[in-house]
Amino acid sequence: MKKEFQNVVDAYPVIISYDSNETEYPYFAHIVDLDSDTTGQSLEDVIKMARCAIGDEIIARQDEGLDVPKASRNVQADSKDDIVTYIDINVNKYRATIDNRTVKKTVTIPSYLNELGQEKGINFSEALTNTLREKLNI
């Protein structure tokens, strides 16, 4: 039976700093309310990594039965060069994207596509999965 968790939909404050001396991962993000950190190769990358870190931390807390802190507002950076931003998260949606369980689906396709696909050795499950990911932009 699948365990149900309270969905968290919020925007958590993140302080992003840049270190020009760091060549591989020059962007650093501190997730204030979760006391968690991550890095990235670019601003876009560190924002993506921060969203994943927020989702992972909240899921870990939920799975362990721990409280999930509410997102703070009016966070100030320590340095004028730092960026304070808010990263949104919908934890139920995030949890679904990292759930790699497979489910059996019965689909109906035209007979000629079935025959051509089998002749070419196409993995129908993989083709459907890839098409769904493309159509859903994930």
Side-chain angles (χ1 to χ4, degrees):
M1 175 179 238
K2 188 175 177 182
K3 189 172 180 182
E4 294 294 321
F5 297 97
Q6 181 177 351
N7 193 18
V8 176
V9 179
D10 212 336
Y12 281 83
V14 175
I15 300 172
I16 299 173
S17 56
Y18 177 78
D19 182 355
S20 60
N21 295 320
E22 176 61 51
T23 56
E24 192 171 0
Y25 296 99
Y27 289 88
F28 177 84
H30 177 66
I31 303 151
V32 177
D33 297 315
L34 301 173
D35 196 27
S36 182
D37 304 308
T38 190
T39 59
Q41 295 176 326
S42 66
L43 185 58
E44 295 82 7
D45 185 43
V46 80
I47 289 171
K48 181 177 104 176
M49 296 302 292
R51 183 171 288 114
C52 290
I54 292 166
D56 291 343
E57 180 64 24
I58 291 173
I59 287 171
R61 288 175 185 231
Q62 287 178 332
D63 290 351
E64 293 295 321
L66 302 173
D67 289 335
V68 175
K70 298 284 185 202
S72 299
R73 299 295 181 252
N74 302 317
V75 171
Q76 302 294 316
D78 293 333
S79 167
K80 66 177 179 59
D81 295 326
D82 291 346
I83 300 168
V84 176
T85 189
Y86 289 82
I87 310 281
D88 66 326
I89 187 77
N90 179 321
V91 175
N92 282 356
K93 286 184 180 180
Y94 181 76
R95 188 183 284 271
T97 65
I98 62 172
D99 182 358
N100 291 322
R101 293 176 298 146
T102 58
V103 293
K104 185 170 177 63
K105 299 301 274 178
T106 302
V107 298
T108 304
I109 61 172
S111 177
Y112 77 95
L113 286 178
N114 182 55
E115 291 173 21
L116 289 172
Q118 287 179 334
E119 286 175 13
K120 298 285 184 181
I122 291 176
N123 179 325
F124 290 98
S125 293
E126 180 181 12
L128 177 58
T129 299
N130 290 339
T131 302
L132 284 170
R133 285 184 178 138
E134 182 181 314
K135 288 191 174 287
L136 297 170
N137 295 316
I138 58 171

For [X], check side-chain contact (heavy atoms from CB on, under 4.5 Å) against everything at least two apart and list the hits.
| X | answer |
| --- | --- |
| Ser79 | Asp81, Asp82 |
| Thr97 | Tyr94 |
| Thr129 | Arg133 |

Of all heavy-atom pairs between [X] and [Y], which one has the smallest distance, and what is that distance?
| X | Y | result |
| --- | --- | --- |
| Val84 | Gln76 | CG2-C, 4.2 Å |
| Val75 | Ser72 | CG2-CB, 4.0 Å |
| Ile31 | Ala50 | CD1-O, 3.9 Å |
| Ala71 | Ala11 | CB-O, 3.1 Å |

ILVMFWY cluster membership beyond Val103 - transitive side-chain contacts under 4.5 angstrom: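 Same cluster as Val103: nobody, lone residue.
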
Report the C-alpha separation of Val107 and Phe124 in whole Å, then their side-chain angles, then the decisive distance to 0.1 Å, and conclude whether the side chain to side chain contact (heavy atoms under 4.5 Å, CB included) test is met. CA-CA 10 Å; Val107 298; Phe124 290 98; over 6 Å; no

Kindly compute the distance separating CD1 (Ile87) from CD1 (Ile47), expressed to the nearest 0.5 Å.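 Between Ile87 CD1 and Ile47 CD1, I get 5.0 Å after rounding to 0.5 Å.
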
So how far is it from Asn92 CG to Gln6 CD, rounded to the nearest 0.5 Å?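 It is 9.5 Å, given to the nearest 0.5 Å.
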
Do the non-hydrogen side-chain atoms of Phe5 and Ile59 ever get within less than 4.5 Å of each other?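 No - every pair of side-chain heavy atoms lies 4.5 Å or more apart.
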
Are [X] and [Y] connected, step by step, through hydrophobic side chains (Ile, Leu, Val, Met, Phe, Trp, Tyr) whose heavy atoms are closer than 4.5 Å?
| X | Y | result |
| --- | --- | --- |
| Ile89 | Val68 | yes |
| Ile98 | Val91 | yes |
| Tyr12 | Ile83 | yes |

Please check this pair: side chain of Arg51 against backbone of Asp88, looking for a donor-acceptor N/O pair closer than 3.5 Å.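 Yes; at least one donor-acceptor contact below 3.5 Å.
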
Within the distance-only criterion (no hydrogens, no angle test), does the side chain of Asp33 pair as donor or acceptor with the backbone N or O of Pro69 below 3.5 angstrom?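 Such a contact is absent between Asp33 side chain and Pro69 backbone.
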
Which residues share a side-chain hydrogen bond (donor to acceptor under 3.5 Å, both in side chains) with [X], sequence neighbours left out:
| X | result |
| --- | --- |
| Asn114 | none |
| Arg73 | Asp10 |
| Asp37 | His30 |
| Ser111 | Glu115 |

Write out all pairs satisfying salt bridge (charged side-chain N to carboxylate O under 4.0 Å, His left out) with one or both partners inside residues 59-72, taking only residues at least two apart or from two chains.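 Checked against salt bridge (charged side-chain N to carboxylate O under 4.0 Å, His left out) - neighbours excluded - the pairs reaching residues 59-72 are Glu57-Arg61, Asp63-Arg95.
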
Could you tabulate the donor-acceptor pairs under 3.5 Å formed by side-chain atoms of residues 14-27, not counting sequence neighbours?
| residue | atom | partner | partner atom | Å |
| --- | --- | --- | --- | --- |
| Asp19 | OD1 | Asn21 | N | 2.9 |

Listing request: all side-chain hydrogen bond (donor to acceptor under 3.5 Å, both in side chains) pairs with a residue in residues 117-128, at least two apart in sequence or in separate chains.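 Matches after skipping sequence neighbours: none remain.
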
